[in-house]
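Here's the structure we're looking at; comments come further down.
These numbers were taken from a predicted model, which means no experiment stands behind them. Positions are given from 1 along the sequence.
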Amino acid sequence: MNAKDLLGKKIIDKKARDLAKLAEIDLNMKSFSIAKIYGSIGNPISKKYYEITADSILAVGDYVQVSETIEELEDKLLDKLPESEEKNVKINNLIGKTVLDSEGNIAGKVSNIDLDLEQFKINGFSIAEQSSSFVKSKKENLINKDDITSIGDYIIINKVISKEEEKEEESEDSVKIDIE
């Protein structure tokens, strides 16, 4: 499932009561897994957050169901999203991050993250030449988690994504019409 599709889903407790909306996902980049999710409640001015560990997630479908009740989570209510731990990265900090190939060239920007929700693991990243909320990129490349060598201010991958190959692929798809 695409990570963007998860954000905004309703979170319900084990008694099937509305708890919050999924606002953020904390990813562990050492194990390429989901570490925590954050549910938000309240209005934009006085927003509060529930911190929920991945092992508390029971099911993910149209809703995200957790193994705790509203009452059990009241003690975990936060005024703001905490900073990520050293090995963790928030999903909203990854989307839009520039990806560099093994030759130091810009391969694109992270446009989405593919998640395996049965094992709560990251399958890979979608990168696009142009990451904008207004313009959808024509070409997206999938990067496997094994292709990633490091994540910091940039994401560095161990392969080269050639612009010439992409142009050749595009020209093969085009149709030539002779009009006389």
Side-chain angles (χ1 to χ4, degrees), residues 1-99 108-128 131-133 140 142-157:
M1 174 176 248
N2 289 328
K4 283 184 177 178
D5 296 339
L6 271 178
L7 297 175
K9 280 194 182 276
K10 279 191 177 182
I11 301 172
I12 59 173
D13 71 359
K14 70 180 179 183
K15 293 183 178 179
R17 296 179 292 180
D18 280 340
L19 180 64
K21 282 196 176 189
L22 202 146
E24 185 64 86
I25 303 169
D26 213 15
L27 302 171
N28 181 316
M29 299 315 292
K30 297 268 188 224
S31 63
F32 286 94
S33 63
I34 296 173
K36 299 174 188 171
I37 62 172
Y38 295 93
S40 67
I41 60 168
N43 62 46
I45 296 172
S46 63
K47 202 170 269 202
K48 303 271 186 194
Y49 298 92
Y50 289 111
E51 181 179 83
I52 303 164
T53 58
D55 58 342
S56 295
I57 301 170
L58 294 175
V60 179
D62 292 333
Y63 295 85
V64 177
Q65 186 178 17
V66 297
S67 64
E68 298 165 302
T69 64
I70 294 171
E71 295 79 20
E72 293 168 343
L73 287 169
E74 285 300 319
D75 297 339
K76 297 180 181 179
L77 204 55
L78 306 169
D79 291 330
K80 64 179 186 171
L81 289 174
E83 294 293 321
S84 291
E85 298 169 11
E86 185 176 320
K87 60 187 178 244
N88 293 353
V89 177
K90 295 206 178 351
I91 203 162
N92 286 318
N93 293 340
L94 276 178
I95 294 177
K97 194 172 279 270
T98 301
V99 178
K109 291 188 177 201
V110 175
S111 59
N112 214 337
I113 300 167
D114 183 33
L115 300 172
D116 176 352
L117 295 176
E118 290 179 16
Q119 299 179 359
F120 300 112
K121 297 276 186 188
I122 300 170
N123 289 332
F125 296 87
S126 297
I127 60 169
S131 182
S132 170
S133 57
E140 280 196 354
L142 299 175
I143 303 297
N144 190 321
K145 65 181 182 183
D146 299 327
D147 295 332
I148 298 169
T149 57
S150 65
I151 298 176
D153 292 336
Y154 301 92
I155 297 174
I156 300 174
I157 57 174

Within a radius of less than 6.0 Å around [atom1] of [X], do more than 12 heavy atoms belonging to other residues, nucleotides or ligands occur?
X      : atom1 : value
Phe32  : CZ    : yes
Asp62  : CG    : no
Asp153 : CG    : no
Glu74  : CD    : yes
Lys21  : NZ    : no

N-O pairing of Glu71 and Arg17 below 4.0 Å |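 Yes, Glu71 and Arg17 are salt-bridged.
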
Tell me if a side-chain donor or acceptor on [X] pairs with a main-chain N or O of [Y] at a distance below 3.5 Å.
X      : Y      : value
Asn144 : Asp146 : yes
Lys145 : Phe125 : no
Ser111 : Ser126 : yes
Asp18  : Lys10  : no

Minimum-distance pair of heavy atoms, taken over all atoms of [X] and [Y]:
X     : Y      : answer
Leu94 : Val110 : O-CB, 3.4 Å
Thr69 : Glu72  : N-OE1, 2.9 Å
Tyr38 : Glu51  : OH-OE2, 3.1 Å

Are Ile127 and Ile155 close enough, and set up right, to give a side-chain contact (heavy atoms from CB on, under 4.5 Å), and what steps lead you there?
-> CA-CA 11 Å; Ile127 60 169; Ile155 297 174; over 6 Å; no

Please report the interatomic distance [atom1]([X]) to [atom2]([Y]), rounded to the nearest 0.5 Å.
X      : Y      : atom1 : atom2 : value
Asp114 : Ile143 : CG    : CD1   : 12.5 Å
Leu115 : Ile34  : CG    : CD1   : 4.5 Å
Asp116 : Ile122 : CG    : CD1   : 11.0 Å
Ile25  : Leu7   : CD1   : CG    : 5.0 Å

With a cut-off of 3.5 Å and sequence neighbours excluded, list every side-chain donor-acceptor pair involving residues 85-93.
unit_1, atom_1, unit_2, atom_2, d
Glu85, OE2, Lys36, NZ, 3.4
Lys90, NZ, Pro82, O, 2.9
Lys90, NZ, Ser84, OG, 3.2
Asn92, ND2, Glu24, OE1, 3.0

Which residues pass the side chain to side chain contact (heavy atoms under 4.5 Å, CB included) test with Ser33, sequence neighbours left out?
->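 By the side chain to side chain contact (heavy atoms under 4.5 Å, CB included) rule, Ser33 matches Asn28, Ser31, Lys121.
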
Residue among Val60, Thr53, Leu22, Asp26 satisfying side chain to side chain contact (heavy atoms under 4.5 Å, CB included) with Ile37 =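 Testing each of Val60, Thr53, Leu22, Asp26 against Ile37, the sole residue satisfying side chain to side chain contact (heavy atoms under 4.5 Å, CB included) is Leu22.
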
Go through Leu77 and Tyr50 one step at a time and tell me if the side-chain contact (heavy atoms from CB on, under 4.5 Å) criterion holds.
-> CA-CA 5 Å; Leu77 204 55; Tyr50 289 111; 3.5 Å; yes

